[in-house]
**Q** 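Please read through the structure below; I'll follow up with questions.
Chain naming here is simple, since letters A, B, ... match the order of the sequence lines and numbering starts at 1 in each. As the structure is a prediction and not an experimental result, all values here were calculated from the model.
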Amino acid sequence: MHDYLKGLNEQQKEAVLHINGPLMIVAGAGSGKTKVLTTRIAHLMNQGVDAFNILALTFTNKAAAEMKERIEKILGNSEARNLYIGTFHSVFARILRGEAHRIGYPNNFTIYDTDDSRSVLKTVINEMNLDDKHYKPSVVGNRISSAKNALVGPAEYATDYYIQQEDMRANRPAIAQIYAAYAARCFKNGAMDFDDLLLKMYELLKNFPEALHKYQHKFKYILIDEYQDTNAVQYQITKLLAAAHENICVVGDDAQSIYSFRGATIENILQFQKDYDDVKVVKLEQNYRSSQSILNVANEVISNNKGQIPKNLWTENSAGEKISLVRTMTDNDEGKFTADTIQEQKLRNHYHNRDFAILYRTNAQSRAFEESLRRMGIAYRIYGGVSFYQRKEIKDFLAYMRVIVNTNDEVSLLRIINYPARGIGKTTLEKCAIYANEQNIPLFEVVSRAGEFGFKGGTLEQLSNFVTMIRYFQSLLTDKNAYDVAVQVGKHTNITKELFADKTTEGLARYENIQELLNSIKEWTESPLNEEDGEVGEKSLGAYLQQITLLTDADDDKENSDVVKLMTIHAAKGLEFGCVFVAGIEEMLFPNAMSINTREELEEERRLFYVAITRAKHRLWLTYANTRYRFGQLVQNEPSRFIEEMPEQYIDKSYAGGGARNNFSSDMGSAFERMQRGFGFGSQAADAEKKYGPPPAKKTNSKPEYLPITPPSSKVVEHKPGADFVASDTSNLQAGQEVEHQKFGFGTVAKVEGSAHNPVATIVFKLNGEKKIMLNYAKLRIIS
DNA sequence: TTTTTTCCTATTGGG
DNA sequence: TAGGAAAAAA
């Protein structure tokens, strides 16, 4: 082990060497926070603290993984694998898995992501005969989430005067009942949503003294990263856990608090000093990341916020280049400017793709950048947005696995009971749901005892086939691993086959995604057992499913891949990049229109801006557009008020005003750009192709007004069948036969396809062109 | 029951 | 604009 104290400054050393008693580290941006945390943990272990007694909570899995890795490097052994390092959610999920029996949950409880949770809410709202247009699941869900994060249960929610007043004023008085029904339903489903992972952990510690005692003594040393972003539940949990030993170390920066929307409160950081006696406070004020110019701008901007914890962030780094402020005409130009500049910087200053990040306020802004990067042939990766595990095909597949492990999980059951289509439709399911609610039994039980509930014939057969299949998968659990089960699921459900048969681009992508999922399950199954696998400690399917839900796509980062990174500013917290573009510095967008109503909101936007700026090490571009498409509508935005808050002497505004230099392209591009803007695509289009490659295929919305080969279906040329029209038996219909359709008239059968139960004929009609006709329903008269 | 078409609404942020 | 959900057609 090398001397880990070397290379630390005085304050950092002070923080690392403090072992017992409460410690608060106020860590400015880029002040070596992670280094201090990891070194401190290594130091604790070096002083004889057992890794099993250390708990470190972070906000992202990535931060946790990075910490673990760095500790291992310092220590030079693999003791670090015994540390409890992870996000609040993943660590608590692990603990709850082991303690589930105490709070009445199965240890294989399902974790619902936001989509799953909204779908439960929708079901509950509909069952209560409320209008889901008025009680929107997303709105109600956010309200319930805030309640949970503030430790307000359904009972308290219903009786709290102010909460009720608020709901009344919003004309949503039933939220309290929905909340109660939602919580009950999740419990019945054996499922927890993200907020439950925190709330149930709190309840476990609060209501079960043995559990509290156990974990208080297990976690003798507690470290919490990003403390400024903790909310009330997280605060209460850590307070309970730390009460016995008071060896709690929190790291935070009030200037970087950006998660108040999910209940985080800066109060926690201020409260910390009141909660414990003799809190040692260490301020890390030397910034090792950014150039002088960048830091000066950041400091100046944040000074507009009131009530900051006083600190003086400074750096020994050189002044560096000025910050570039760039105005473009449109959001697309903003994208082109960014891609062009990246290309130019790569050539001129020998940067790589991986040195660049494009940060924006909202995910919707990513598209313009994607397009222009693709045209320039620059490799990029988007973080956030729809993650891998949120894709439909992946969720469908995982839903099978979830049902196998926990048949009470109604959300997953409803997802798959008729996917792939097996003839169990809406009517059948509605009946099942009614029985399940009447008798208060799980939906799956109704399905598996369908005969007793009066289902007969084909429906009964389909239902029992489904149950038999699930039971078969369950029988595999005892001696097959997660991967083997997954393969069987793919095979017996025909999911793989069905997707493989779909030769469209999207179908191909879906098939590949499933393959990728299978690979990742295999990889997980074969990876060595470690602390991550939970209290229960096994490689079961249940363990796999629980960790998968808590992953985000920022986590499976191929760190070395040479790509430009695109993400929201929120997602960029804790990261740093050589060159940073912050896009859309406009009123309504940043600060966002939703967050300009109170001083608190505006100050949070400003902190967000501060976070964005301080991600940059060497170069920083701030871009904004005169007009951009929002909502499919062209809108004009003023430059952001934050621009005026930046000190002029560090800003290069030569691309921010009007005039020729306003145009970003240094050479012939500028004329083209002006032409294009003024006159639409003209003779210069060829130049554009040379420069940017062929434009992406445009989906034309305008229908040609002449010569439609197949008339639009809305304009069916009506055919009136004779009074004697009699539908023929079409069970043996062959290609080449002539038929008469009740509505479309005469035509020739081109082919017959589809399953035996649901044959589909493609028929070319004389008057109405090609149609796909489902023979089970359409009335056809065979002529020859 | 399944597929296609039309309609509608959303865009602050994430584990 | 785009994607999902409801409505309509098959």
**Q** Check the phosphate of B:dA10 against A:Lys136, side-chain N and O only, distance under 4.0 Å to OP1 or OP2. Yes or no?
**A** yes
**Q** At less than 4.0 Å, is any side-chain N or O atom of A:Asn363 found next to OP1 or OP2 of B:dG14? Yes or no.
**A**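 So the side-chain polar atoms of A:Asn363 do come within 4.0 Å of the phosphate oxygens OP1 or OP2 of B:dG14, strictly under.
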**Q** So, under a plain 3.5 Å distance rule, would you say the side chain of A:Thr114 forms a donor-acceptor pair with the base of B:dG15?
**A**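 Side chain to base: pair present.
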**Q** Can you establish whether the number of heavy atoms outside A:Gln390 located under 6.0 Å from its atom CD is more than 12?
**A** yes
**Q** Please table the atom pairs, donor to acceptor, closer than 3.5 Å between any side-chain atom in residues 590-598 of chain A and protein atoms at least two apart or in another chain.
**A**
residue	atom	partner	partner atom	Å
A:Asn592	OD1	A:Met594	N	3.0
A:Asn592	ND2	A:Leu589	O	3.4
A:Thr598	OG1	A:Glu601	N	3.1

**Q** Without placing hydrogens or testing angles, list every side-chain donor-acceptor pair under 3.5 Å for residues 567-575 of chain A, not counting sequence neighbours.
**A**
residue	atom	partner	partner atom	Å
A:Thr568	OG1	A:Ala571	N	3.1
A:His570	NE2	A:Ile258	O	3.1
A:Lys573	NZ	A:Asp229	OD2	2.3

**Q** Determine: side-chain N/O of A:Thr568 to OP1/OP2 of B:dG14, distance under 4.0 Å, yes or no.
**A**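 Yes, because at least one side-chain N or O of A:Thr568 sits under 4.0 Å from OP1 or OP2 of B:dG14.
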**Q** According to side-chain contact (heavy atoms from CB on, under 4.5 Å), who are the partners of A:Leu241, at least two apart in sequence or on a separate chain?
**A** A:Leu55, A:Leu205, A:Tyr215, A:Phe219, A:Ile222, A:Ile237
**Q** Just call it for A:Lys122: base, sugar-phosphate, or nothing, with non-hydrogen atoms closer than 4.0 Å on any strand.
**A**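 Since only primed, P, OP1 and OP2 atoms lie under 4.0 Å of A:Lys122, the category is sugar-phosphate.
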**Q** Going by the rule salt bridge (Lys or Arg N to Asp or Glu O under 4.0 Å), which residues pair with A:Arg172 if we only count those two or more places apart in sequence or in a different chain?
**A** none
**Q** Taking the nucleotide of DNA chain B with the nearest heavy atom to each, does A:Phe631 or A:Arg262 sit closer to the 5' end?
**A**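 Going by which nucleotide is closer to the 5' end, it is A:Phe631.
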**Q** Is A:Phe261 stacked on the base of B:dG13, with ring centres under 5.5 Å apart and planes under 30° apart?
**A** yes
**Q** Which residues in residues 586-595 of chain A have a heavy atom closer than 4.0 Å to any atom of DNA chain B?
**A**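 The stretch gives A:Asn592, A:Met594, A:Ser595 as the residues lying under 4.0 Å from the strand, ordered by number.
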**Q** Start at the 5' end of DNA chain B and walk down; is the nucleotide closest to A:Thr549 or to A:Gly425 reached first?
**A** A:Gly425
**Q** Got a sec, which residues hit salt bridge (Lys or Arg N to Asp or Glu O under 4.0 Å) with A:Arg422, two or more places apart in sequence or on another chain?
**A** none
**Q** Answer yes or no: does a side-chain N or O of A:Lys133 lie under 4.0 Å from OP1 or OP2 of B:dC7?
**A** no
